[in-house]
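Heads up: the structure comes next, in structure tokens.
Whatever order the structure lists them in is the order used to number ligands and atoms, beginning at 1. Residues: numbered from 1 along the sequence shown.
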Amino acid sequence: MHVGGEQAGPGQSQLATIRERIAAAAAQAGRAAAEVTLIAVSKMQPPERIEAVLADGQRIFGENYVQEAAGRWPAHREIYPDLEIHLIGALQSNKALDAARLFDVIQTLDRPKLATALAKAFERLGHARPLYIEVNTGGEAQKAGIRPEELDAFVSHCRRDLGLSIAGLMAIPPAGDDVAPHTAFLGRLAERNGIERLSIGMSADFETAIRFGATHVRVGSALFGERSPRKVEA
Ligand SMILES: *Cc1c(COP(=O)(O)O)cnc(C)c1O
């Protein structure tokens with residue numbers, strides 16, 4: 001385990017504070033804190049901050065880039081075998097095999113070509129991984145994600161034709177939008193497709209998302225501090 005300039009040790013991170021905020025938001029909504037999973041978004045964070053969050057007991061992390069995750073997590077897995085690493089960034093079909101090797105959960109399934117590539121990758125590796133479908137709840141032209149009106153057909157294609165396990169729905173609402181209606185909408189889409197997990201809510205709005213039904217919140221900067229603008233070496 002390598003530690004950077006700063007000392008990284010138990011009690012050094014904001015983890016306890018974030019967990020308290022999650023528990024309070026859940027309680028306000030009459031939900032148990034255990035119904036909400038914190039995904040610590042570690043993209044572009046320096047190693048010492050990640051070490052501190054690991055030392056404080058966090059085991060579920062989200063990464064945006066296949067290459068950055070490949071450089072970071074295999075070494076940690078030797079020390080922490082119970083790690084669960086989620087891919088929350090865009091995935092190219094030609095990296096499906098790498099992603100299926102590296103990640104425990106892939107949250108950004110957003111098109112049929114990628115579904116086919118992941119099904120092939122799982123077959124080749126002899127293991128499948130739970131998938132979340134990314135939904136473009138804001139209907140933004142440039143944004144990744146399945147259009148809400150195409151979701152039901154895509155879910156049955158993934159399940160019936162490809163044998164994929166669809167465990168959740170994920171959304172990144174338009175910048176500046178209130179997360180509440182997006183969460184409620186995502187919940188209705190999930191319910192009618194028999195999907196249980198809802199990944200929505202980030203540093204600025206995770207408490208609201210929890211009040212409206214989020215089961216997985218993706219928190220980066222509020223937990224680790226602001227991301228460094230320069231590229232972190234892999
Ligand atoms: C970076 C990122 C996050 C975390 O954002 P913060 O505002 O730092 O909490 C969550 N989800 C996705 C998809 C991201 O890319």
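Residue pairs meeting the salt bridge (charged side-chain N to carboxylate O under 4.0 Å, His left out) criterion with at least one partner in residues 140-150, sequence neighbours excluded, are Glu140-Lys143, Arg147-Glu149. Among residue pairs with one or both ends in residues 38-69, those qualifying as ring-ring contact (aromatic ring centres under 6.0 Å, His included) are Phe61-Trp73; sequence neighbours excluded.
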Are there any N/O pairs under 3.5 Å between ligand 1 and the protein, and if so, what are their distances?
residue, atom, partner, partner atom, Å
ligand 1, 8 (O), Ser221, N, 2.8
ligand 1, 8 (O), Ser221, OG, 2.9
ligand 1, 8 (O), Arg227, NH1, 2.8
ligand 1, 8 (O), Arg227, NH2, 3.2
ligand 1, 9 (O), Ser203, N, 3.0
ligand 1, 9 (O), Ser203, OG, 2.5
ligand 1, 9 (O), Gly220, N, 2.8
ligand 1, 11 (N), Arg218, NE, 2.9
ligand 1, 15 (O), Lys43, NZ, 2.7
ligand 1, 15 (O), Asn64, ND2, 2.7

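Rounded to the nearest 0.5 angstrom, Leu97 CG and Leu125 CG are separated by 5.0 Å. Atoms CZ and NE2, from Arg59 and His76 in turn, are 10.5 Å apart once rounded to the nearest 0.5 Å. One distance of note links CZ of Arg227 with CD of Gln45; it measures 6.5 Å at 0.5 Å rounding.
Among residues two or more places apart in sequence or in another chain, the ring pair (Phe, Tyr, Trp, His ring centres under 6.0 Å) test is passed with Phe224 by none.
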